[in-house]
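Quantities reported herein were computed from a predicted structural model and do not represent experimental measurements.
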Amino acid sequence: MNSKFRLSIYVLLMTGIILISSAFSEELPVKKIIFVGDSTVQTYKEEEATRGWGQILPEFFGPKVQCVNTAVGGRSTKTFMSEGRWKKVLDAKPDIIFIQFGHNDSHAKDKPESTDAATDYKKYLEQYVSEGKAAGAEIILVTPMHRRHFSADGRMKDILAPYAETMRAVAKATNTPLIDLHSKSRDLLEKLGENGSEDLFCSATDRTHFSKKGATVMAEFIVDAIRKDIPDLKPYLKDSK
């Protein structure tokens, strides 16, 4: 087989692959995805050092996805709903809603945003899931990632554990997809340690909010989970083929 013939076959094969991929992409219906959450999810101004994973994740989706980030700093399962933000999300008729809460729910009990992991946090999560599904949206729950607080032995101080565990239980009971950033972030931070994980956060003193690098890592964890566990959404990733 001469080189020109081999080149012709290669060109034909590549052309076929491109045409098939293009046709597959055109057949996908457009998906509207809305992100719901707190400051670890929200979108920040370009000049700021902080990023939320909801600001980064859209970069991993192809052209058939429309992403809207409604996450707002300081909000909990309770206050995001009481301020009418959840109703606006439902009124927007999304196809998919990512929901992550826990950081502000865990605040001191005298704070208006505070909830108890075993009672009202659970109740609010169940309401988000039931109302979202009733509105025709697929719900994806995302457990809250760790704050960068280490104990003397290098393990994470797990303040958010009750909230992550409750979210896992709600996901299981309601047959709702769950992405466990709580576990993923713990494993990563403990592997990197106190000093090695500093650049994942927006400053040396901020132990909650992520830098662009850190938010990108969290978004990559979500993308990995989509590939493995959410087959309906996988074709919408840029590199799904």
Hey, is [atom1] on [X] packed in by over 12 heavy atoms from elsewhere, all under 6.0 Å?
| X | atom1 | result |
| --- | --- | --- |
| D91 | CG | yes |
| K78 | NZ | yes |
| K228 | NZ | no |

Side-chain donor-acceptor contact under 3.5 Å, [X] with [Y]:
| X | Y | value |
| --- | --- | --- |
| S39 | H209 | yes |
| W86 | E131 | yes |
| K133 | T176 | yes |
| D180 | T143 | yes |

Item to check | Donor-acceptor pair, side chain of T216 and main chain of K212, under 3.5 angstrom | outcome: yes

Item to check | Identified side-chain hydrogen bond (donor to acceptor under 3.5 Å, both in side chains) partner of R147 from the options T208, D206, D158, T40 | outcome: T208

Contact between [X] and [Y] at the side-chain level, heavy atoms closer than 4.5 Å - yes or no?
| X | Y | answer |
| --- | --- | --- |
| Y44 | Q55 | yes |
| F35 | V68 | no |
| D38 | V72 | no |
| I96 | V65 | no |
| I226 | L237 | yes |
| R155 | F150 | no |
| P177 | E138 | yes |
| C67 | L57 | no |

Next on the checklist: Would M218 and M145 count as a side-chain contact (heavy atoms from CB on, under 4.5 Å) here? Give the steps.
Outcome noted: CA-CA 9 Å; M218 296 302 118; M145 65 284 284; 4.1 Å; yes

Item to check | Mutual orientation of the aromatic rings belonging to F80 and Y128 [parallel < 30°, tilted 30-60°, perpendicular > 60°] | outcome: tilted

Checklist entry - Would you call R207 and E194 a salt bridge, taking side-chain N to carboxylate O under 4.0 Å as the test? => result yes

Next on the checklist: Between E113 and S106, is the side-chain contact (heavy atoms from CB on, under 4.5 Å) condition met? List the steps.
Outcome noted: CA-CA 8 Å; E113 69 274 12; S106 70; over 6 Å; no

Tell me whether [X] shares a hydrophobic cluster with [Y], the cluster being built from Ile, Leu, Val, Met, Phe, Trp, Tyr side chains joined at under 4.5 Å.
| X | Y | answer |
| --- | --- | --- |
| I179 | I99 | no |
| Y121 | F98 | no |
| M156 | F201 | yes |
| I97 | I33 | no |
| V89 | M167 | yes |

Item to check | Audit row: K45, E48, salt bridge (charged side-chain N to carboxylate O under 4.0 Å, His left out) steps and yes/no | outcome: CA-CA 5 Å; K45 294 179 181 178; E48 295 183 85; 5.9 Å; no

Item to check | For P94 against A137, the heavy-atom pair lying closest together | outcome: O-CB, 3.5 Å

Checklist outcome for this item: Nearest heavy-atom approach of A164 to H182 is CB-CG, 3.5 Å

Item to check | Pair D120-T115, side-chain hydrogen bond (donor to acceptor under 3.5 Å, both in side chains): steps then yes or no | outcome: CA-CA 6 Å; D120 45 349; T115 64; 4.6 Å; no

Item to check | W53 ring center near F221 ring center (under 6.0 Å) | outcome: no

Checklist entry - For the residue pair Y236 and F61, is the inter-centroid distance of their aromatic rings smaller than 6.0 Å? => result no

Item to check | Check against side-chain contact (heavy atoms from CB on, under 4.5 Å), L178 and I140 | outcome: CA-CA 6 Å; L178 178 127; I140 300 173; over 6 Å; no

Checklist entry - Hey, mind stepping through S76 and N104 against side-chain hydrogen bond (donor to acceptor under 3.5 Å, both in side chains) and telling me if it holds? => result CA-CA 5 Å; S76 66; N104 300 308; over 6 Å; no

Checklist entry - Do E83 and R85 pass the salt bridge (charged side-chain N to carboxylate O under 4.0 Å, His left out) test, and can you show the C-alpha distance, the side-chain angles, and the key distance before you say yes or no? => result CA-CA 6 Å; E83 292 174 357; R85 298 177 186 277; 2.7 Å; yes

Next on the checklist: Using the rule given for side-chain contact (heavy atoms from CB on, under 4.5 Å), can you reason through K213 versus R51, listing the C-alpha separation, both sets of side-chain angles and the distance that settles it, and then say yes or no?
Outcome noted: CA-CA 9 Å; K213 179 179 179 179; R51 294 290 185 273; over 6 Å; no

